[in-house]
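Everything below concerns the one structure shown next.
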Amino acid sequence: MASSTVINGVRGAILVLALLVFLGNIMMWIIMPTDTYYDKWLPHILADTNSTFFGIQGPIMLDFTFPILFIAAVGCIYLHLGKKRTSDSNLGRQKGANKFGFLKRPMIVKGLGIVTSTELALFTMFIALVVWYFSYYVRYWFKQVPLLQMTRHDRHEQVWQTKLDRVAIVFGLAGNVCLAFLFYPVTRGSSILPMLGLTSEGSIKYHMWIGNIAMTLFTIHGSLYIVYWTLTHRLSEMLKWDQHYVSNVAGEIGLLCGLTLWMTTYPNIRRKMFELFFYTHYLYIPFIIFFILHIGIGFACIMLPGFYLFIIDRYLRFLQSRQKVRLVSARVLPCETIELNFSKSRALNYSPTSIMFINVPSISKLQWHPFTVTSNSNLEPERISVIIKCEGNWTKNLCDLISSSSSSIDRRLEVSVEGPYGPAATNFLRHDMLVLVSGGSGITPLISIIRELIYINSTTQSHNIPKIKLISVFKNSSHLSILDLILPISGIPSSESCTNLDFQIEAYITREKGQPKDKTQTPQTVFFRPNTSDAPLYPTLGPNSWLWLCAIISSSFLVFLVLLGVFTQYVIYPIDQNTNKLYSYPKKALMNMLFIFSSIVLASTSAFLWNKKRNSSEAKQILDVEESATSISSFGDDERELESLPQQSVIKSINVHYGQRPDLHRILLESKGSSIGVLVSGPKKMRHDVAAICSSGLADNLHFESISFTW
C-alpha cells in the first residue's frame, strides 16, 4: 500500500511538471505573433547569437523543441510507473469516473463524425490558436507595410499588393502551426498520446482533421503567391532558389507532393483504391524535406518535436519489421475469414482492443495492414491472434494463399509484424453491464474485450464482472462461425470461467429468413512448420519498455545537440564572420536533417540490438519447444480437442434471429443497470445510430466508450 502511494505521488508530480512545461510552451505560441515577442524578446535572441554554441537556432529550439521532447521523456517515466501499480488499481471499479461521463457523451458533427464534448472543445481551442496566430501575424505585418514599401521602391508595388504578399506568407505560417501537431496522432509508440488517455488508432481522425486544415492553408499560401507574382510581373520568382532566404522552388516541390498526397485521402479513393492511398502517403518524406529547405531550419524547429518523435517511432517500427515472425497456425472459416496465430514471448503484454500491422512479402513487400488483436496475453501467454475478413485485394490474396494449401506440414509463410499497439489501460469493470454492438467483421475488437473479462473472472473473485450482451449483425448464417472464435482454444482454467459469466449473445442474420438446411462447413486448420529464421513476437521498445524509449529520446537529442553545436562552432560560425558571405541556408537545413537522422539511428539501433540480444535466449527456447513436439498431426489433434469446449459453451448462449435487424433503440433503453458501457464496431451508419441513442438523453446510464475500431 505504501509503495503504491509513493508511485502515485511520483506520477502526480510528473504530471504536474509536464503540464507546467506544456502551458509554458503554449504561452510561447500565443506570444510569438504579438508585438511583445518582436519588440522585446526577438532583439535579445538576435543579439550576438553568433557567439553562442548553436547560433540563432539555439534559443528557438529552447522555446519550441526542447519542452515537448522533455514532456515525452518524463511521460515515459510516468507510464512506466503506471505499470507498477497493483492490479486492483487498474481493474477495480472506478465509479468516480462516471461523474465526468458527460465529457465523453458522444455527438455527431457533420464533417467530423462521432466526437465527444472533450474532443470538440479541444478541436475548438486548436482552431482558436490557428485563428489567433493568423490574425495577429496579419496585424503585425500590416503595420510593417510602409517600411516594406520603402525597401521595395524599385518594384513599384501598390499598398494592397504588398498586403497580399503579407497575407500569403501568414497563411504559410498558420500552416506551420498545423504541421507542428500533425504527427502526434500517428506516432504509435509515443508517450504523448497514452498520457492523454488516447491511442494512435483512436487519434487517426485528429491527424485527418489537422492534415486537411494544413493542406488548405498551404494551398492558399502557394496560390496567393502565384497571384502576387503575376500581378507584379515577377513570375520568374517561381524558379528562384535563394541560398540565404526562402527557397521558392523547394516550396513548390513540397506543395506538389502534399497536394498529390492530399488528393488520395478523399474517402472514396482511400476505401476503393487503398493501394494508391497507401503508396502516395510516402510522399510525406519529400514533402517534409522540401518544406524544411523552403522555410529554413529555424522555423522548422516549431514543427520539429512532433516529427522528431515520429521519426524515432517510425525507425523502431522499421527495426521490428525486419524480423520475420513465427506463424504457428491459421484457421479458415466458411465465411471467408481467417484467424492467424503467431508465437509470442510471455513477456509481451498488451491491452484489449490493441492492433498490430501485418506484412506478407509474398503478396506485397510494402503494404502493411492493421488488424485487431483478438487474443488475450494472460489467457494465451505464448500466442497472439488476429482475425482477418477477406474483403480487399490484399486480404483475398492472403486467404487464397492459406486456404489453397492441401498439405501444410512443410509450409512456411513469411510474415512481418509491427506492434501490438493499444491503450495503456482499460476500465470496462467500472460498468454494471457492457452492451457490445458489432456489424460483420467489426466483432473482432469486441472479442478481445470478452476474453479479458473471462480472464479476470477466472483468476479473481474480488471484482464484480459486468454483465455482457453481445449484439452481432451478419449478412448470412455462415458468418456465425466467427462466434466460435470468441473463446480461446486454450488457456481457460475450467468451464466455469464461461458458465459463471452473465454472457448473452444475440445474433441477427439479415439476408436469410430461416436456418439453412445445408450442413454447416467446419473450419479448416492449417499448421506451419517452425523455421530457424523466424522468431516469436517479443517486446520491442516503446509501449513495452517505456524506460528504454525515454533513454532513446534523451540520448538521441543530446547527440543531436553535440553534433549541431560542433558544426555551428567550427563550420558555420567562421564563414558567417565574413559579412559578405553567409553559410547557405539549404546546406544548413540538410546538415540539421542529417544530424537528426544520424542521432536517432545511433540511439535507437543500440537500444534495439541490446534488447534483441536479451530476448534471443527466450526466443530459442520457444522454438526448441515447438520443434520438440512429437509431430504436426498430434499437435493438431490436441488443438481440435481443446477447441470443442469453447465452441459448446458459446453455442449455448446464442440466440439467432433470422431476417431482421436489431432494434438498437429498444435494446439500449431497456438495458438495466446504473452504469452501462456501450461499445460499437461496425459500419458508419451503425456507429452513428448507437452514438445518437447514447447522446439523446433518454437514458442517463448509457456511457458511449470513445474507442475507435474503424480506420
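Keep in mind the model is a prediction, meaning the values are calculated, not measured.
In plain terms, the two heavy atoms of W546 and G189 that are nearest each other are CZ3-O, 3.7 Å. Here the closest non-hydrogen pair linking N376 and N378 is OD1-N, 2.8 Å. Between Y206 and P185 the shortest heavy-atom distance is CB-CG, 4.0 Å. The nearest pair of heavy atoms linking S477 to I509 is N-CG2, 3.7 Å. Scanning all heavy atoms of the two residues, the minimum distance from L669 to H665 falls at CD1-CE1, 3.0 Å.
Every side-chain contact (heavy atoms from CB on, under 4.5 Å) that N212 has, sequence neighbours left out, goes to W262. Partners of H479 by side-chain hydrogen bond (donor to acceptor under 3.5 Å, both in side chains), not counting sequence neighbours, listed by chain and number: K389, N476. Residues forming a side-chain contact (heavy atoms from CB on, under 4.5 Å) with C399 (at least two apart in sequence, or on another chain): I338, C390. Qualifying ring pair (Phe, Tyr, Trp, His ring centres under 6.0 Å) partners for H657, counting only residues two or more places apart in sequence or in other chains: Y508. Scanning for side-chain contact (heavy atoms from CB on, under 4.5 Å) contacts around I447 gives T374, I387, I443, R451, I486, with sequence neighbours left out. Legend: residues meeting ring pair (Phe, Tyr, Trp, His ring centres under 6.0 Å) with F183, ordered by chain and number and at least two apart, are F307, F310. Annotation: side-chain hydrogen bond (donor to acceptor under 3.5 Å, both in side chains) contacts of R314 (sequence neighbours excluded): none. Annotation: salt bridge (Lys or Arg N to Asp or Glu O under 4.0 Å) contacts of K685 (sequence neighbours excluded): D689. Residues satisfying the side-chain hydrogen bond (donor to acceptor under 3.5 Å, both in side chains) criterion with S375, sequence neighbours excluded, are Y350. Under the ring pair (Phe, Tyr, Trp, His ring centres under 6.0 Å) criterion, F277 pairs with F274, H281, not counting sequence neighbours. Residues satisfying the side-chain contact (heavy atoms from CB on, under 4.5 Å) criterion with L193, sequence neighbours excluded, are L198, S200, S203. Checked against side-chain hydrogen bond (donor to acceptor under 3.5 Å, both in side chains), W368 has no partners two or more places apart in sequence or in another chain.
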Can you check side chain to side chain contact (heavy atoms under 4.5 Å, CB included) on V386 and E339, steps first, answer last? CA-CA 6 Å; V386 296; E339 180 191 51; over 6 Å; no
Walk me through it: do S438 and S472 pass the test side chain to side chain donor-acceptor pair (under 3.5 Å)? CA-CA 5 Å; S438 69; S472 298; 3.2 Å; yes
Using side chain to side chain contact (heavy atoms under 4.5 Å, CB included), reason through F474 and L483 one step at a time and then give a plain yes or no. CA-CA 11 Å; F474 302 111; L483 298 178; 4.3 Å; yes
Please test I384 against S377 for side chain to side chain contact (heavy atoms under 4.5 Å, CB included), starting from the C-alpha separation and ending with a verdict. CA-CA 7 Å; I384 184 168; S377 58; over 6 Å; no
Passes side chain to side chain contact (heavy atoms under 4.5 Å, CB included), I454 versus F503? Steps please. CA-CA 10 Å; I454 291 174; F503 184 19; 5.7 Å; no
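Side-chain contact between L340 and L398: present, with at least one pair of heavy atoms (C-beta onward) separated by less than 4.5 Å.
A salt bridge does not link E506 to K469: none of the charged side-chain nitrogens sits closer than 4.0 Å to a carboxylate oxygen. Salt bridge status for K344 with E380: absent, with no side-chain N to carboxylate O gap under 4.0 Å.
No hydrogens or angles considered: nothing links the side chains of D313 and S190 as a donor-acceptor pair under 3.5 Å.
Counting only distance, with no hydrogens or angles, the side chain of R270 and the backbone of T264 share no donor-acceptor pair below 3.5 Å. A distance-only check finds no donor-acceptor pair linking the side chain of H703 to the backbone of S675 [under 3.5 Å]. In this structure, the side chain of S191 does not engage the main chain of G75 through any donor-acceptor pair within 3.5 Å. Between the side chain of S674 and the backbone N or O of D432, no donor-acceptor pair lies under 3.5 Å. Looking only at distances, a side-chain donor or acceptor of Q320 sits under 3.5 Å from a matching main-chain atom of G419. In this structure, S385 contributes its side chain and N341 its backbone to no donor-acceptor pair below 3.5 Å. Within the 3.5 Å criterion, the main-chain N or O of L120 finds a donor-acceptor partner in the side chain of T124.
Under a cut-off of 6.0 angstrom, the local environment of CD in Q367 is crowded, with over 12 non-hydrogen atoms contributed by other residues, nucleotides or ligands.
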